[in-house]
Amino acid sequence: MDNEGLYKKARNRLVGGVNSPIRASVRPHPFFTQKAKGAYLWDVEGKRYCDYCLAYGPLLLGHCNPSVVNALKDQVGRGTTYGTPAELEVEYAEMFCDLAPNVEMIRTVNSGTEATMAALRLAKAVTERKEIATLEGGYHGSHDSVLAKKDGKNVTSSSKGVSDEQVCHTRMVRYNDPDSLKGILKDGTVAAFIIEPVMGNVGCVPPNEDYLKEVREICDETGTLLIFDETITGFRLAKGGAQEHYGVDADLATYGKIAGGGLPIGVIGSSRDVMENLTPVGKVYNAGTFSGNPLSMAAGLAALKEVRDGALDKVHANHRTLIKGIEGMLPGDSTVNSAPGMFQIYLGCQEVMNADDARKADMERFWGFWTSMLDAGYFLPPSHFESNFLSVYHDKDVISSTLEAMEAALR
Ligand code: PMP
């Protein structure tokens, strides 16, 4: 069946034809992937796409990387879930703590959403405070307290089914604006400030120099715990994620995506003191049937080993070539933002430092560019509020043909 036929059939039994809403944004309708390898996806009609969406971040090692595939093959014949601890979980946790700064212990869960939900609960318990602070335009998954938006001076729910009361303890601040954070934290009632160190859900917005250091200071002065949501940045910006790349220590960090090597995962990491507040040692409830799932552990461990052994060096070098090439061809009224291994182009907008700036980019021009790239066989995320990603398979040849396609698409 072709893409259009499958989409019609899908909409009959899957809400909107998809299992996560962004996938329905692909124009004129989603294509259905039949297989993937390296930097490429193939749809059911046999068309090949060079993949810069990369499943929205997890695929640092690309599709079907032999390290991940072999680790999975090895595990799958020995069981897919146990309900008991397994040695693999211990090995995974040790490798994780070796790579991630300020992480003495972890709890693995099944998604970034679960990780941020647990981290916020933990922070509220540790500080005995009720409020949390998040970024305007930030994203930390789909649990209630973070489904909030700024409405003038008020914070209101951003989803039907979540009441304004459920977000009444959520405060919101502007990214790259230390004064906005100071104003919110000054009365000492906020348990934790959860921040994407690089905003990856309004495209790609990196921190201004010293912003994260100032954030750290303001949190210290007000007794607020700083949570880095490294779901996207973890194991991408550096072996030790954004904490290492920007040289700023967080009190807690949450991970997902790359940490599972392409299988479902979420991870909460912090000091022993903080982590041992979780059940069964402490009284902060957290549990999951599939938490520490052996397949996620096997794929995740394979990915972490590749990161440990230098996978990022290649990705970052190719990333620099790509960004230089894009900078050389962008029209003067547009800009490209990037952090190692991730980027977004904002057409019709010269500077993007926060969510409000990102909203000023020209949506129509984005879709023109995006469609030309898709026609040329390049699948970019279907929104300029998502980030493009690179994998180890986005090598020199892939980068140089991408730049040719981009030049034509921008003409
Ligand atoms: N935090 C951030 C920064 C994210 O980008 C995402 C997902 N894109 C999440 C949390 C939620 O992760 P998941 O989709 O695995 O629940």
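None of the values given here were measured: they were computed from a predicted structure. Order of listing sets the numbers, starting from 1, for every ligand and every atom in it. One is the number of the first residue; the rest follow in order along the sequence.
Ligand 1 is surrounded by Ser111, Gly112, Thr113, Tyr139, His140, Gly141, Glu196, Asn201, Asp229, Thr231, Ile232, Lys257, each with at least one heavy atom closer than 4.0 Å.
Residues satisfying the side-chain hydrogen bond (donor to acceptor under 3.5 Å, both in side chains) criterion with Ser391, sequence neighbours excluded, are His394. In terms of the ring-ring contact (aromatic ring centres under 6.0 Å, His included) criterion, Trp42 has no residue partners (sequence neighbours excluded). Listed by chain and number, the residues in a side-chain hydrogen bond (donor to acceptor under 3.5 Å, both in side chains) with Tyr285 amount to none (sequence neighbours excluded).
No side-chain donor-acceptor contact under 3.5 Å links Glu276 to the backbone of Val281.
Using bins of under 30°, 30° to 60° and over 60° for the plane-to-plane angle, the ring pair Phe343/His319 lands in the tilted bin.
Within the cation-pi definition used here (under 6.0 Å to the ring centroid, within 45° of the axis), Arg365 does not qualify as a partner of Phe369.
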